[in-house]
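Taking it in order: structure first as structure tokens, then the write-up.
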Amino acid sequence: MYLPITIFLLVLGTELLLFIGYEYVASAAYDLYSQWTNDSKVIKHNKLKQDVLRMKAELSKTSSQDEFAKWAKMRRKLDKGVADQEKMSSEIAYSRTAFELKVKSAIWFFIHGSQLLMVMWFYKRAVLYLPQGWFGPAQWILSFPFAPTGKI
């Protein structure tokens, strides 16, 4: 009874991960990682984003015709802030991609490694017993490579 339950749980976990998707699991893992570690890049990016939004609001309140010098200065400051934010976004995207690649690789090795370990651990034990004579010479092929004849 131990072997069928183990196989069922392994297949259930594998299929659940495949149904959810590696991408979703990796993305959720990165979100949790960035929240728990309080990544300085993410904090700085959020601050830059708030500053850019504040500068856009101030710029929209300023008339470009009446106060051109002030408007031009604010516009240069806003352009610099947007450029810094885009640079920070690309750095965060790069680190996120690297993290997600590592998580996806770990999940893949866990899934396929556990299946390989299961086969190696139980390679001589029969999971199913075939009725005698139902499959003829195919019984030998079905029991290949390790199970006794008539068993899978």
Side-chain angles (χ1 to χ4, degrees), residues 1-61 74-152:
M1 196 65 190
Y2 170 68
L3 180 58
I5 291 173
T6 306
I7 292 172
F8 174 73
L9 292 176
L10 180 66
V11 170
L12 181 68
T14 301
E15 291 300 318
L16 184 64
L17 272 174
L18 291 174
F19 179 72
I20 293 171
Y22 291 164
E23 188 71 34
Y24 180 78
V25 173
S27 178
Y30 180 77
D31 292 339
L32 287 174
Y33 170 77
S34 65
Q35 287 176 358
W36 285 347
T37 59
N38 291 330
D39 192 8
S40 61
K41 288 181 183 179
V42 174
I43 293 171
K44 188 174 179 182
H45 180 262
N46 289 338
K47 186 175 179 337
L48 273 172
K49 193 160 119 180
Q50 289 174 352
D51 290 344
V52 166
L53 290 174
R54 182 185 46 79
M55 285 188 277
K56 280 185 180 179
E58 287 177 15
L59 187 66
S60 67
K61 292 177 185 176
M74 290 174 69
R75 183 68 190 182
R76 286 191 298 272
K77 196 174 183 182
L78 177 65
D79 290 342
K80 183 182 181 296
V82 168
D84 290 344
Q85 183 187 8
E86 288 176 357
K87 182 180 175 189
M88 187 68 66
S89 293
S90 67
E91 290 175 9
I92 290 173
Y94 177 75
S95 64
R96 180 183 188 109
T97 303
F99 181 86
E100 287 181 357
L101 180 65
K102 291 173 188 171
V103 169
K104 285 185 213 176
S105 298
I107 292 171
W108 189 87
F109 281 115
F110 175 73
I111 287 174
H112 292 83
S114 62
Q115 290 173 352
L116 181 66
L117 185 66
M118 181 97 161
V119 168
M120 289 171 54
W121 190 265
F122 296 110
Y123 75 99
K124 290 267 186 180
R125 293 195 50 195
V127 178
L128 298 172
Y129 296 94
L130 301 173
Q132 196 71 335
W134 277 25
F135 295 96
Q139 285 183 336
W140 179 78
I141 295 170
L142 290 173
S143 63
F144 189 74
F146 300 115
T149 304
K151 299 171 179 75
I152 297 178

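Note that the structure is predicted; figures quoted are calculated from it, not measured. Just so you know, these numbers use all the heavy atoms, side chains as well, and skip hydrogens, waters and symmetry mates.
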Interatomic spacing from [atom1] in [X] to [atom2] in [Y] - rounded to 0.5 Å:
{"X": "Asn46", "Y": "Ile92", "atom1": "CG", "atom2": "CD1", "answer": "7.5 Å"}
{"X": "Ile5", "Y": "Leu12", "atom1": "CD1", "atom2": "CG", "answer": "12.5 Å"}
{"X": "Gln115", "Y": "Thr14", "atom1": "CD", "atom2": "OG1", "answer": "4.5 Å"}
{"X": "Ser40", "Y": "Lys47", "atom1": "OG", "atom2": "NZ", "answer": "14.0 Å"}
{"X": "Glu100", "Y": "Tyr30", "atom1": "CD", "atom2": "OH", "answer": "8.5 Å"}
{"X": "Met88", "Y": "Lys41", "atom1": "CE", "atom2": "NZ", "answer": "8.0 Å"}

Is there a side-chain contact between [X] and [Y], using heavy atoms and a 4.5 Å cut-off?
{"X": "Glu86", "Y": "Leu48", "answer": "no"}
{"X": "Thr6", "Y": "Leu10", "answer": "no"}
{"X": "Leu16", "Y": "Ile20", "answer": "yes"}
{"X": "Gln85", "Y": "Lys49", "answer": "yes"}

What's the verdict on side chain to side chain contact (heavy atoms under 4.5 Å, CB included) for Leu101 and Thr97, showing C-alpha distance, side-chain angles and the deciding distance?
CA-CA 6 Å; Leu101 180 65; Thr97 303; 5.6 Å; no
Going through the checks in order, is the side chain to side chain contact (heavy atoms under 4.5 Å, CB included) test met by Asp79 and Met55?
CA-CA 10 Å; Asp79 290 342; Met55 285 188 277; over 6 Å; no
Pairing of Lys44 and Asp39 as salt bridge, 4.0 angstrom limit
no
Correct closest heavy-atom pair for Ile43 and Asn38 would be CD1-O, 3.7 Å
